[in-house]
J.: 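This is the structure, below, for whatever I ask next.
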Amino acid sequence: MDPDTACAIYRRLSKHYPIVGGRTNFIPFDNPFESLILTILSAQTTDRSVTAVRDALFSRYPTPEALAAASPAEVEPIIRTIGFHHAKAAYIVGTAQKIVESFGGEVPRTMDELRSLPGVGRKTANIVLSHAFGINIGIAVDTHVKRVSHRLGMTDSRNPDIIERDLMALLPEGTWGEVNYLLIRHGREICTARNPQHDACFLRDLCRYYAEEVRAKSP
DNA sequence: ATCCCGAGGG
DNA sequence: CCCTCTGGAT
């Protein structure tokens with residue numbers, strides 16, 4: 001994809017999904033601990049589910065120290081309404097404990113250190129690095145980003161390394177944190193896996209998938 | 001019935 | 001690459 005088209009895509013995404021109050025839908029840009037914990041919790045569940053438990057969780061455990069002092073059994077009832085709560089309770093307590101014991105109570109700022117935390121994989125690490133720290137290590141590639149970027153014709157690969165490299169065309173005018181947020185949100189709200197909302201899509205004229213769909217329907 | 005801002009383990 | 005983990009919304 002040519003750089004001008006990539007920049008146009010970024011500009012439109014940025015215009016349609018403005019970041020208000022330092023937050024994306026529900027994950028803050030300015031709080032590494034909350035960004036980390038919320039991203040761990042949001043795996044394979046809806047943002048609504050995570051938002052519903054967010055205040056109760058952080059009012060009881062506002063810091064890594066507070067969460068590290070808890071037991072998973074104690075945390076589990078608070079996040080019971082989200083999916084995979086049993087594993088996630090162990091993940092976030094274990095992550096808090098390791099932050100306290102191995103990283104001096106501060107969320108680490110390297111890919112390897114973040115991924116050493118239980119429940120933290122490549123996507124979560126990239127979200128925290130780019131959102132909370134402004135560290136440009138990589139694009140957070142999840143199912144939404146794969147689908148959106150492929151439909152737009154920005155990449156033809158399923159390899160996260162290659163997708164990341166291809167998506168760097170979006171970066172000249174934006175931060176990685178914004179790029180990570182914008183593609184994910186577009187995939188959630190408009191460029192959905194099934195029944196994508198072409199009528200509402202402001203990238204339609206640049207979209208390879210839409211063009212193919214139109215061509216397939218015409219006689 | 002099917003899906004949801006993944007990660008860990010085999 | 002495959003499977004499992006999970007409750008809630010539609």
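So you know, we letter chains A, B, ... as the sequences are listed, proteins then strands, and number each from 1. Worth saying up front: this structure is predicted, and the values here are computed from it rather than measured. Computed over heavy atoms, backbone and side chain alike; hydrogens, waters and symmetry mates excluded.
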J.: If each of A/Y91 and A/I127 is mapped to the nucleotide of DNA chain B with the nearest heavy atom, which maps nearer the 5' terminus, i.e. the 5' end?
T.: A/I127
J.: Measure from NE2 on A/H144 to C1' on B/dG6 and round the result to the nearest Å.
T.: 11 Å
J.: State, with a plain yes or no, whether a side-chain heavy atom of A/C191 is found less than 4.5 Å away from one of A/Y209.
T.: no
J.: What is the distance, rounded to the nearest whole Å, between atom CD1 of A/I37 and atom C1' of B/dG6?
T.: 15 Å
J.: Regarding A/V120, tell me which of base, sugar-phosphate or nothing describes its non-hydrogen contacts under 4.0 Å with the strands shown.
T.: sugar-phosphate
J.: In whole Å, I'd like the distance from the CG atom of A/N195 to the P atom of B/dC4.
T.: 12 Å
J.: Base contacts versus sugar-phosphate-only contacts with protein, heavy atoms under 4.0 Å: please encode nucleotides 1-10 of chain C as B, S and - from 5' to 3'.
T.: S---BBSSSS
J.: Considering only residues two or more places apart or on different chains, which pairs with a residue in residues 92-120 of chain A satisfy salt bridge (charged side-chain N to carboxylate O under 4.0 Å, His left out)?
T.: none
J.: Rounded to whole Å, please give me the gap between CG in A/L41 and P in B/dC4.
T.: 18 Å
J.: Check the distance between B/dC4's C1' and A/E189's CD and give it to me in whole angstrom.
T.: 14 Å
J.: Whole angstroms only, please: what is the CG-P distance between A/N126 and B/dC5?
T.: 18 Å
J.: Measure the distance from NZ on A/K123 to C1' on B/dG6 and round it to the nearest whole Å.
T.: 7 Å
J.: Please work out which residues in residues 109-119 of chain A have a non-hydrogen atom less than 4.0 Å from an atom of DNA chain B and list them by number.
T.: A/L117, A/P118, A/G119
J.: Can you tell me which residue pairs pass the salt bridge (charged side-chain N to carboxylate O under 4.0 Å, His left out) test with a partner in residues 116-144 of chain A, sequence neighbours excluded?
T.: A/R122-A/D161, A/R122-A/E164, A/K123-A/D142
J.: What residue pairs, at least two apart or across chains, pass ring pair (Phe, Tyr, Trp, His ring centres under 6.0 Å) with a residue in residues 121-146 of chain A?
T.: A/F29-A/H131
J.: Nearest-Å distance, CD1 (A/I92) to P (B/dG6)?
T.: 16 Å
J.: Among all residues two or more places apart in sequence or in another chain, which pass the side-chain hydrogen bond (donor to acceptor under 3.5 Å, both in side chains) test with A/T5?
T.: A/D2
J.: Can you tell me, in whole Å, how much space there is between the P of B/dC5 and that of C/dC3?
T.: 23 Å
J.: By side-chain hydrogen bond (donor to acceptor under 3.5 Å, both in side chains), which residues pair with A/T192, not counting sequence neighbours?
T.: none
J.: Which side-chain hydrogen bond (donor to acceptor under 3.5 Å, both in side chains) pairs, counting each pair once, include a residue from residues 68-84 of chain A, with sequence neighbours left out?
T.: A/Y61-A/E74, A/E76-A/H86
J.: Roughly how far apart, to the nearest Å, are B/dG9 and C/dT6 at atom P?
T.: 14 Å
J.: Is the distance from OP1 or OP2 of B/dA7 to the nearest side-chain N or O of A/T124 less than 4.0 Å?
T.: yes
J.: Mind checking what makes side-chain hydrogen bond (donor to acceptor under 3.5 Å, both in side chains) contact with A/H186, not counting sequence neighbours?
T.: A/Y17
J.: Tell me which one of A/I127, A/V148, A/T143, A/I27 satisfies side chain to side chain contact (heavy atoms under 4.5 Å, CB included) with A/I184.
T.: A/I127
